[in-house]
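If you read the sequence from its start, that first residue is 1, and numbering goes on from there.
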Amino acid sequence: MFKKVSEGYIGFVEELPGANTQGDTLDEARVNLEEAIELVLEANRFLTEELLQDQDVIREPIFLSVA
C-alpha cells in the first residue's frame, strides 16, 4: 500500500509489521518496499532459527496466491 505525502510516498504492508519505507517517487518507494519486505522476512527467519535451534522441526514451503 502506498500513500502520497508532501515528502514523496510512504509504502507499507499492513499484514507485515515493520515492512514500511518511503521514497521521493512512487517507483522508488516500490523498490524500497520490496527491500524492506526482504529484510523483515530475513530477520524473522534468523530470530526463529535461533529460538528453535537444536529442536526437531519440519520446514516446508508454502505457496500462496495473492490478489
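By the side-chain hydrogen bond (donor to acceptor under 3.5 Å, both in side chains) test, Asp27 is found to be paired with Arg30, residues two or more places apart in sequence or in another chain being considered.
The neighbour count for Lys3 NZ, taken as heavy atoms of other residues, nucleotides or ligands under 6.0 Å away, does not exceed 12.
The distance from the CG atom of Asn44 to the CG atom of Leu39 is 11.0 Å, given to the nearest 0.5 Å. Separating the CD atom in Gln22 from the CD atom in Glu7 is a distance of 7.5 Å, to the nearest 0.5 Å. In this structure, Thr48 OG1 and Gln53 CD are separated by 12.5 Å, a value rounded to the nearest 0.5 Å.
Among all heavy-atom pairs drawn from Gln55 and Leu51, the shortest one is NE2-O, 3.4 Å.
Identified under the salt bridge (Lys or Arg N to Asp or Glu O under 4.0 Å) test for residues 47-67, with sequence neighbours left out: Glu49-Arg59.
Cluster partners of Ile37, by chain and number: Phe2, Tyr9, Val13, Leu16, Leu26, Leu33, Val40, Leu41. The rule joins Ile, Leu, Val, Met, Phe, Trp and Tyr whenever side-chain heavy atoms lie under 4.5 Å apart.
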